[in-house]
Colleague: 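Quick one: structure below, then a few questions.
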Amino acid sequence: MTQLIRTIAVALALAFGFSTPAAAQLEVGAQAPTFSAQAALAGREMGFSLQLALRRGPVVLYFYPKAFTQGCTLEANAFAEAMPDFRAAGASVIGMSNDDIATLRRFSREECRDAFPVAVASSRLINAYDVSMGVTGMSNRTSYVIAPDGRIAFVHSNSDYRGHVRRTLAAVRALSD
């Protein structure tokens, strides 16, 4: 019964945009856990490897709780609109949630507007990045900028989606200064 109550509380918090307890997230300067994951871009399945992505430049790795919820949809739209700026700064973006690949295929097309991939975040990966909400395996809303050397250059953890794009883009630009 307690698990059911927690699950309902998280669902209500996500639906209405209320804050949920955040994890401690990884620290700036820490080595980012490497991973490969099943991903989707423009409605098509693909593989994603952090190691391969870092060879091309910095990576913005942003965790979000649930595809097609209000905040997560608006955040995906904002990242999609800013992709020309991220590309100009030499960075790639990948969204991560524990949604299944079928959901992410739709989300990549409809809300990410074919602009960047989204990937399945396993509970192991969510725990490795210390972004677990502790309920139903979902992650909190945390954005990481990972430098090409694999170190975390910036972290922003906040349930309000609005600062993530602006702050991660500024952090990416600061890497090249």
Colleague: Can you run down the salt bridge (charged side-chain N to carboxylate O under 4.0 Å, His left out) pairs that involve residues 37-47, sequence neighbours left out, and say none if there aren't any?
Modeller: Glu45-Arg105
Colleague: Say you draw a straight line from OG of Ser97 to CD1 of Ile126; how long is it, rounded to the nearest 0.5 Å?
Modeller: 7.5 Å
Colleague: What residue pairs, at least two apart or across chains, pass side chain to side chain donor-acceptor pair (under 3.5 Å) with a residue in residues 82-95?
Modeller: none
Colleague: The criterion is ring pair (Phe, Tyr, Trp, His ring centres under 6.0 Å); which residues satisfy it with Phe63, sequence neighbours excluded?
Modeller: Tyr129
Colleague: Who passes ring pair (Phe, Tyr, Trp, His ring centres under 6.0 Å) against Phe86, sequence neighbours left out?
Modeller: Phe79
Colleague: Do Ser108 and Pro117 come close enough that some side-chain heavy atom pair is under 4.5 Å?
Modeller: no
Colleague: Hydrophobic clusters here meaning ILVMFWY residues chained together by side-chain heavy-atom distances under 4.5 Å, can you tell me if Val60 and Leu41 are in one?
Modeller: no
Colleague: For Asp114, give me all partners under salt bridge (Lys or Arg N to Asp or Glu O under 4.0 Å), at least two apart in sequence or on another chain.
Modeller: Arg109
Colleague: Applying side chain to side chain donor-acceptor pair (under 3.5 Å), which residue pairs with at least one partner in residues 50-62 are found, sequence neighbours left out?
Modeller: none
Colleague: Applying salt bridge (charged side-chain N to carboxylate O under 4.0 Å, His left out) as the test, list every pair that has at least one member in residues 88-104; sequence neighbours left out.
Modeller: Lys66-Asp99
Colleague: Indicate, with yes or no, if Met96 and Leu52 share a hydrophobic cluster defined by side-chain heavy-atom contacts under 4.5 Å among Ile, Leu, Val, Met, Phe, Trp and Tyr.
Modeller: no
Colleague: Answer whether the closest heavy-atom distance between the side chains of Pro33 and Leu26 falls below 4.5 Å.
Modeller: yes
Colleague: Treating Ile, Leu, Val, Met, Phe, Trp and Tyr as nodes and any side-chain heavy-atom pair under 4.5 angstrom as an edge, say whether Met46 and Phe116 lie in one connected cluster.
Modeller: no
Colleague: Under the salt bridge (charged side-chain N to carboxylate O under 4.0 Å, His left out) rule, what pairs show up with a residue in residues 70-80, not counting sequence neighbours?
Modeller: Glu75-Arg141
Colleague: Rounded to the nearest 0.5 Å, what separates atom CZ in Arg124 from atom OG in Ser132?
Modeller: 14.5 Å
Colleague: How long is the span from the CG atom in Asp130 to the OG atom in Ser139, to the nearest 0.5 Å?
Modeller: 11.5 Å
Colleague: Taking only residues at least two apart or on different chains, which pairs with a member in residues 40-61 satisfy ring-ring contact (aromatic ring centres under 6.0 Å, His included)?
Modeller: Phe35-Phe48
Colleague: Val120: which residues meet the side-chain contact (heavy atoms from CB on, under 4.5 Å) condition with it, sequence neighbours left out?
Modeller: Gln38, Ile101, Leu104
Colleague: Do any side-chain atoms of residues 164-172 form donor-acceptor pairs under 3.5 angstrom with protein atoms, and if so which ones, sequence neighbours left out?
Modeller:
from, atom 1, to, atom 2, distance (Å)
His164, ND1, Ser143, OG, 2.6
His164, NE2, Asn158, O, 2.9
Arg167, NH1, His156, ND1, 3.4
Arg167, NH1, His156, NE2, 3.2
Thr168, OG1, His164, O, 2.7
Thr168, OG1, Val165, O, 3.2

Colleague: Within this structure, what is the CE-OH distance for the pair Met138 and Tyr64, rounded to the nearest 0.5 Å?
Modeller: 12.5 Å
Colleague: Only counting residues at least two apart or in another chain, list the ones meeting salt bridge (Lys or Arg N to Asp or Glu O under 4.0 Å) with Arg162.
Modeller: Asp160
